[in-house]
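The structure appears right after this line, and notes come after that.
The sequence lines fix the lettering, A, B, ..., with proteins before strands; numbering per chain opens at 1. Values below: every heavy atom of this structure, side chains too, minus hydrogens, waters and symmetry copies.
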Amino acid sequence: MGLPSDPEALDRLHERLLGWFAEHRRELPWRGSEDEDPYALLVREIMLQQTRMSTALPYYERWLERWPGVEDLAEASEEEVLDAWQGLGYYNRARWLLRTARKIRDEHGGEVPRRLSQLEQLPGVGPYTAAAIASMAFDKPAPAVDGNMARVGARVEGIEGEVTSDKLKREVRTRLGPVFERGRAGRLNEALMELGSLVCTPVDPACEVCPLSPVCTAYQGARVDELGIDRSTPDLSTHAVTALILARNGQVLVHRRDPDGLLGGLWGPPVIEHGDTPPATLAPDLPFAVEVDETEPIGRVEHTFSHKRWQVRALAAEPREEVVTGEAWQWVDPADVDVPTSALDDRVLGLLDG
DNA sequence: TTCCGGGTTT
DNA sequence: AAACCCGGAA
């Protein structure tokens with residue numbers, strides 16, 4: 001079982017996959033356009049990391065309007081880039097994309113590099129994204145193993161292990177290599193990812209309509225439920241957090257977070273993770289004295305990150321001494337914030353309207 | 001309210 | 001192996 005090794009059988013399978021894709025692929029704004037701008041593809045693939053199509057789409061379109069080419073983006077500031085990324089999540093991707101644009105300008109003459117090894121050297125471009133760009137923009141025979149394709153590959157080839165692990169993805173890449181050598185690698189990647197998304201689903205896959213079922217190890221061995229499964233169970237611990245709302249003349253004080261931490265580099269009301277510690281003892285964390293009104297919270301917001309959950313209680317507070325504004329602190333209009341913020345910050349600031 | 005999906009970096 | 005976000009479905 002598994003992919004055939006005979007070139008002619010492989011060609012037939014290749015043909016069947018592309019035929020399936022031609023018939024079932026979802027229409028997307030960029031699909032169907034020949035020789036697409038590799039930069040646009042790069043932007044899109046990075047935005048689509050960990051992000052749904054429907055969420056990323058408006059960001060993608062605004063992005064290309066604002067920075068139509070690599071050189072335009074290379075000129076942007078981190079502040080502008082974070083602002084355009086606002087709400088998309090995983091904000092390091094925005095910084096990496098900016099660094100990538102600058103690297104392409106400085107080291108590749110402004111052209112997205114064509115070789116897999118060069119692509120993988122770009123910040124934010126890992127094995128998946130490099131292969132996606134190399135295959136779709138430059139027709140290189142590189143399997144782009146995302147979560148969907150890892151599942152398809154694990155089932156077809158009967159590969160045991162965590163479907164999310166690097167080890168399994170590497171194995172899938174190796175095993176699927178030969179079929180990519182038959183050509184049309186970009187289209188083949190799209191086909192396999194689409195197949196994983198629409199047919200070879202984690203639960204109750206539609207094996208009866210799958211073009212790969214005749215060669216699928218999992219299907220033929222009745223092991224579809226065992227292979228291509230993600231059994232990891234990361235614990236989402238919950239943390240009590242206090243956000244301080246300091247208001248003055250209709251404006252609210254926001255703080256620029258440390259670039260390396262959670263929501264790094266984004267602005268928002270100061271928040272402190274404190275477990276059960278009362279917020280009065282938290283004031284020393286701020287560079288100025290405050291008086292916190294603990295009698296009645298302005299509101300509560302729950303926010304889930306990849307690895308933890310915050311239960312945020314927003315308390316009104318007043319500064320007791322001069323607040324020095326600048327790189328780290330700013331007064332903003334909560335209805336019209338002009339610094340980059342996250343979805344969490346937007347919701348906390350939204351408590352003030354509603 | 002909980003569950004779930006989705007790549008790269010360190 | 002852990003850190004990093006958000007929103008849509010169940």
Inset, instruction - Enumerate the residues from residues 119-126 of chain A whose closest heavy atom to DNA chain C is under 4.0 Å, giving them by residue number; use none for an empty result. - result: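 Heavy-atom cutoff 4.0 Å gives no residues at all.
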How would you label the contact of [X] with the nucleic acid (heavy atoms, under 4.0 Å): base, sugar-phosphate, or nothing?
{"X": "A:G261", "result": "sugar-phosphate"}
{"X": "A:S342", "result": "sugar-phosphate"}
{"X": "A:T129", "result": "sugar-phosphate"}
{"X": "A:F305", "result": "base"}

Legend entry - Which residue lies more 5' along DNA chain C, comparing A:L262 with A:T55 via nearest heavy atoms: A:L262
How many whole angstroms separate atom [atom1] of [X] from atom [atom2] of [N]?
{"X": "A:D260", "N": "B:dT8", "atom1": "CG", "atom2": "C1'", "value": "16 Å"}
{"X": "A:L48", "N": "B:dG5", "atom1": "CG", "atom2": "P", "value": "17 Å"}
{"X": "A:R300", "N": "B:dT1", "atom1": "CZ", "atom2": "P", "value": "12 Å"}
{"X": "A:Y90", "N": "B:dT8", "atom1": "OH", "atom2": "P", "value": "13 Å"}
{"X": "A:N92", "N": "B:dT10", "atom1": "CG", "atom2": "P", "value": "8 Å"}
{"X": "A:R151", "N": "B:dG5", "atom1": "CZ", "atom2": "C1'", "value": "9 Å"}
{"X": "A:D230", "N": "B:dG6", "atom1": "CG", "atom2": "P", "value": "10 Å"}
{"X": "A:R52", "N": "B:dG5", "atom1": "CZ", "atom2": "P", "value": "10 Å"}

Inset, instruction - May I ask you to establish whether A:R256 and A:W329 are in a cation-pi arrangement, using a distance under 6.0 Å from NZ or CZ to the six-membered ring centre and at most 45° from the ring axis? - result: no
Identify the heavy atoms of [X] and [Y] that sit nearest to each other, and give their distance.
{"X": "A:L246", "Y": "A:W331", "answer": "O-CZ3, 3.3 Å"}
{"X": "A:I133", "Y": "A:L41", "answer": "CA-CD2, 3.8 Å"}
{"X": "A:P334", "Y": "A:G250", "answer": "CD-O, 3.3 Å"}

Legend entry - Result of checking A:H303, A:Q86, A:R257 against A:D345 for side chain to side chain donor-acceptor pair (under 3.5 Å):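 Between A:D345 and the candidates, side chain to side chain donor-acceptor pair (under 3.5 Å) is satisfied uniquely by A:R257.
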Inset, instruction - Mind running salt bridge (Lys or Arg N to Asp or Glu O under 4.0 Å) on A:R44 and A:E36 for me, showing each step along the way? - result: CA-CA 12 Å; A:R44 191 165 73 234; A:E36 182 189 28; 2.5 Å; yes
Legend entry - Modelled atom types, side-chain donor and acceptor of A:T51 and A:R93, under 3.5 Å: yes
Legend entry - Outermost DNA chain C nucleotides near chain A [under 4.0 Å, heavy atoms]: C:dA3 to C:dG7
Legend entry - A:R95 vs A:E78, salt bridge (Lys or Arg N to Asp or Glu O under 4.0 Å): CA-CA, chis, key distance, verdict: CA-CA 7 Å; A:R95 281 185 278 260; A:E78 183 171 309; 3.4 Å; yes
Legend entry - Candidate list A:N148, A:L212, A:V145, test side-chain contact (heavy atoms from CB on, under 4.5 Å), partner A:L192, passing option: A:L212
Legend entry - Test item: A:H14 and A:L188 side chains (from C-beta on) under 4.5 Å apart, heavy atoms: yes
Inset, instruction - Compare the minimum distances between each of B:dG5, B:dG7, B:dT2 and the side chain of A:E302, then state the nucleotide with the smallest one. - result: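 Minimum distance to the A:E302 side chain belongs to B:dT2.
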Legend entry - Residue A:W96, side-chain heavy atoms: nucleotide from B:dG5, B:dG6, B:dT9 that is nearest: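 Within the option list, the nearest is B:dT9.
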Legend entry - First encountered from the 5' end of DNA chain B, between A:T304 and A:D166: A:T304
Inset, instruction - May I ask you to verify whether the side chain of A:Q49 and the base of B:dG6 hold a donor-acceptor pair under 3.5 Å? - result: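 Absent.
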